[in-house]
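All values below come from the heavy atoms of this structure, side chains included, with hydrogens, waters and symmetry mates left out.
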Amino acid sequence: AIAADVKETNHEANARTDAAAADLGLRGPGKARASCPAIPAAASGPHPPAPPPSSSESRAPREGLTKAAEVFDRAAALAPNYAEAHSGVADAYAVLGFYDHLPPRDAFPRAKAAALRALELDSHLAQAYASLGYVALYYDWDWAAAERAFDRAVELNPNYSIGHQWRGNYLVARGRFDEAEAAMRR
């Protein structure tokens, strides 16, 4: 099941990258993956655990997240009416703020503004709702807004795994553990 989830997540990421690159005229369809290494599918059998981060590292690599923010910022500037680019900006800055790679007071408002812009352009974009939920959960501490946003994200796209994961994190924070487990298994 985990291998299938990793493969599906990789497929979703590659499809979004291909579409964004093709729409922006950066690459032809199917060629964006050349610069984005695939997430390796889990092989059968046990795997050694990943080494814990050193004291100078956090769980999310700063360099990769910063690069993602730069790429999505550029995409949004090149195609200001492309909702998915703004949604990518929202995700990147929300996670940069969560891991303190940028000051949360700078990163989260930028993430929220980008998610709202994405929703102005496409009111049915699940990823943007998930980003709003993430900001509401980890920065605004607005439980009701977080729940509404996460619920809307998974309603719009029941296959959006990150939406289910972030919704599960919200449910854990609220002490709703059985619901959280069910959300994260989807």
Side-chain angles (χ1 to χ4, degrees), residues 1-13 15-16 39-62 64-65 68-69 84 87-116 118-119 123-186:
I2 293 172
D5 290 344
V6 169
K7 189 173 184 179
E8 178 61 26
T9 300
N10 188 42
H11 176 73
E12 288 174 12
R16 278 183 83 185
I39 299 168
S44 61
H47 296 281
S54 72
S55 59
S56 63
E57 299 177 314
S58 75
R59 292 180 51 214
R62 178 187 308 238
L65 288 169
E84 286 83 356
S87 181
V89 169
D91 284 352
Y93 282 97
V95 177
L96 281 165
F98 177 83
Y99 285 106
D100 286 331
H101 294 322
L102 286 178
R105 71 179 173 275
D106 297 334
F108 281 107
R110 191 162 180 183
K112 186 174 188 175
L116 291 170
L119 289 172
S123 63
H124 293 90
L125 188 60
Q127 295 90 336
Y129 279 103
S131 294
L132 281 179
Y134 198 91
V135 171
L137 174 61
Y138 292 114
Y139 185 71
D140 296 334
W141 293 85
D142 185 338
W143 303 117
E147 185 165 17
R148 281 190 309 272
F150 290 133
D151 287 350
R152 183 69 174 141
V154 298
E155 174 189 330
L156 287 169
N157 186 351
N159 296 318
Y160 183 49
S161 60
I162 293 171
H164 286 288
Q165 177 189 348
W166 289 355
R167 183 174 177 271
N169 292 345
Y170 159 78
L171 293 166
V172 166
R174 299 296 292 157
R176 294 160 54 185
F177 303 111
D178 291 338
E179 291 175 79
E181 181 179 7
M184 290 190 186
R185 289 188 182 274
R186 291 187 183 145

Peer 1: Going by heavy atoms in the side chains, are N169 and Y134 under 4.5 Å from each other?
Peer 2: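 Sidechains of Y134 and N169: no contact.
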Peer 1: Contact between R105 and Y139 at the side-chain level, heavy atoms closer than 4.5 Å - yes or no?
Peer 2: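 Sidechains of Y139 and R105: in contact.
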Peer 1: Atom OG of S87 and atom OH of Y129: how far apart are they, to the nearest 0.5 Å?
Peer 2: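 Answer for the OG-OH pair, S87 versus Y129, is 11.5 Å.
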Peer 1: Quick check: do R186 and V154 have side-chain heavy atoms less than 4.5 Å from each other?
Peer 2: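 Contact flag for R186/V154 side chains = no.
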Peer 1: For A183 and L171, which heavy atoms make the closest approach, and how far apart are they?
Peer 2: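 Taking every non-hydrogen atom into account, CB-CD1, 4.1 Å.
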Peer 1: Which atoms form the tightest heavy-atom contact between L119 and L125, and what is the distance?
Peer 2: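 Distance-wise, the nearest heavy atoms are CD2-O, 3.8 Å.
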Peer 1: Which atom names give the shortest non-hydrogen contact between A114 and A90, and what distance separates them?
Peer 2: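 Shortest heavy-atom contact: CB-N, 3.7 Å.
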Peer 1: For the backbone of P158 and the side chain of H164, can you confirm whether one donor and one acceptor N or O come within less than 3.5 Å of each other?
Peer 2: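 Indeed, once roles are kept as given, a pair shorter than 3.5 Å links the two residues.
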Peer 1: Taking all non-hydrogen atoms of both residues, which atom of F98 and which atom of F108 are closest, and how far apart?
Peer 2: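 So the two residues come closest at N-CZ, 3.5 Å.
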Peer 1: When rounded to the nearest 0.5 angstrom, what is the spacing between CZ in R62 and CG in L102?
Peer 2: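 CG of L102 is found 7.5 Å from CZ of R62.
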Peer 1: Is there side-chain contact between L65 and Y93, with heavy atoms separated by less than 4.5 Å?
Peer 2: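 The answer is no; the side chains never approach within 4.5 Å.
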Peer 1: As an exercise, state the distance from CD1 of I162 to CD of Q127, rounded to the nearest 0.5 Å.
Peer 2: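 These two atoms lie 8.0 Å from each other.
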Peer 1: What are the two closest non-hydrogen atoms of W143 and A173, and how far apart are they?
Peer 2: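 Heavy-atom minimum between the residues: CZ3-CB, 3.9 Å.
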Peer 1: Apply the side-chain contact (heavy atoms from CB on, under 4.5 Å) test between E147 and each candidate in R176, R174, R152; give the one that qualifies.
Peer 2: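 Single pass found, and it is R176.
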Peer 1: Would you please test Y170 and D151 for side chain to side chain contact (heavy atoms under 4.5 Å, CB included) and show each step?
Peer 2: CA-CA 11 Å; Y170 159 78; D151 287 350; over 6 Å; no
Peer 1: Would W166 and L137 count as a side chain to side chain contact (heavy atoms under 4.5 Å, CB included) here? Give the steps.
Peer 2: CA-CA 9 Å; W166 289 355; L137 174 61; over 6 Å; no
Peer 1: Check F177 against V172 and note the closest heavy-atom contact, atom names and distance.
Peer 2: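 The pair with the smallest heavy-atom distance is CE2-O, 3.8 Å.
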